[in-house]
Amino acid sequence: MNLVFLGPPGAGKGTIAALAKDTLRIPHISTGDLFRYAIAHETSLGKQVKAILASGELVPDSVTIEMVKERLVKSDAKDGFILDGFPRTIAQADALAQMTTIDHVINFVLDRDSIVVRLSGRRMCKSTGRIYHITFNPPKVAGIDDETGEPLIQRPDDQEEAILNRLSVYERQTQPLIDYYRHKGLLRDVDASGAPELVLQSILKII
Ligand code: AMP
């Protein structure tokens, strides 16, 4: 089962993908996580994209497409995958269509106010990528990861200025993919406003 999770930043794609990957036994491939890993490990890719991620702009298509191409040929993705955060442009969607076929594109639908509340309260464990929210999904001890005991961080691009930029980048560059995939008959709208388990159930029903 080859799935694409599409939707604005903060709609819950990463949270739901982390749940769905265990249920469906396919890997969760997040381009944002791959870039953050490269940045944390100071690879040449990481150095190239660090400032772009902090600003909320998109990494150039050529760089992103090459990274995804290399990831999708790994053996764990041979029976399927959940792509989270890719494609984000029409050029990326065209490139993906050359690489493989997609079964469903899950479109996470959420209003703008809820997005801002979710993103500004989001906290993350840097080493594991585990995601929390200060109100909706707090850790057992404030500011500390439940399993590793490490202090949680706020992503630089979850600060207010970057959030607004990411939303406008989304509206300009990624929203056109909704029509692109609707025309191909692949788009499945999902109400992303509910609790993660409810959103997951809606997705499982669809697929
Ligand atoms: P995310 O974790 O999906 O919100 O992605 C974080 C950041 O990584 C984005 O704001 C972009 O700077 C970069 N990024 C992630 N996926 C892509 C993509 N498909 N194309 C270009 N840039 C991306």
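Read the numbers this way: they start at 1 and go in the same order the structure lists the ligands and their atoms.
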Would you say Ile102 ends up clustered with Phe86 if hydrophobic residues are merged whenever their side chains have heavy atoms under 4.5 Å apart, either directly or through other cluster members?
yes
When hydrophobic residues are tied together by side-chain contacts of less than 4.5 Å, even through go-betweens, does Leu96 share a cluster with Tyr170?
yes
Are any non-hydrogen side-chain atoms of Leu6 and Thr174 less than 4.5 angstrom apart?
yes
Atoms in ligand 1 flagged as close to [X], the criterion being non-hydrogen separation under 4.0 Å:
X	value
Arg166	4 (O)
Arg36	2 (O), 6 (C)
Thr64	18 (C), 19 (N), 20 (N), 21 (C)

For [atom], grab the closest protein heavy atom and report residue, atom and distance to one decimal in Å.
atom	value
atom 1 (P) of ligand 1	Arg88 NH2, 3.5 Å
atom 23 (C) of ligand 1	Phe35 CE1, 3.7 Å
atom 16 (N) of ligand 1	Thr31 OG1, 2.7 Å
atom 12 (O) of ligand 1	Glu57 O, 2.5 Å
atom 20 (N) of ligand 1	Gln92 NE2, 2.9 Å

How would you list all residue pairs meeting side-chain hydrogen bond (donor to acceptor under 3.5 Å, both in side chains) that involve residues 82-107, not counting sequence neighbours?
Asn2-Thr100, His28-Asp84, Asp61-Thr89, Asp61-Gln92, Asp94-Tyr180, His104-Arg188, Asn107-Asp189
Arg155/Asp157 ion pair, N-O < 4.0 Å:
yes
Are any of the side-chain nitrogens in Glu171 or Arg112 under 4.0 Å away from the carboxylate oxygens of its partner?
yes
If you measure every N or O of [X] against every N or O of ligand 1, does any of those distances drop under 3.5 Å?
X	value
Gly85	yes
Val59	yes
Arg155	yes

Side chain to side chain contact (heavy atoms under 4.5 Å, CB included) between Ser120 and Asp158, worked out
CA-CA 6 Å; Ser120 54; Asp158 281 345; over 6 Å; no
So for Lys13, does at least one of its heavy atoms come nearer than 4.0 angstrom to any atom of ligand 1?
no
Pairing donors with acceptors under 3.5 angstrom, does anything connect the side chains of Glu150 and Ser127?
yes
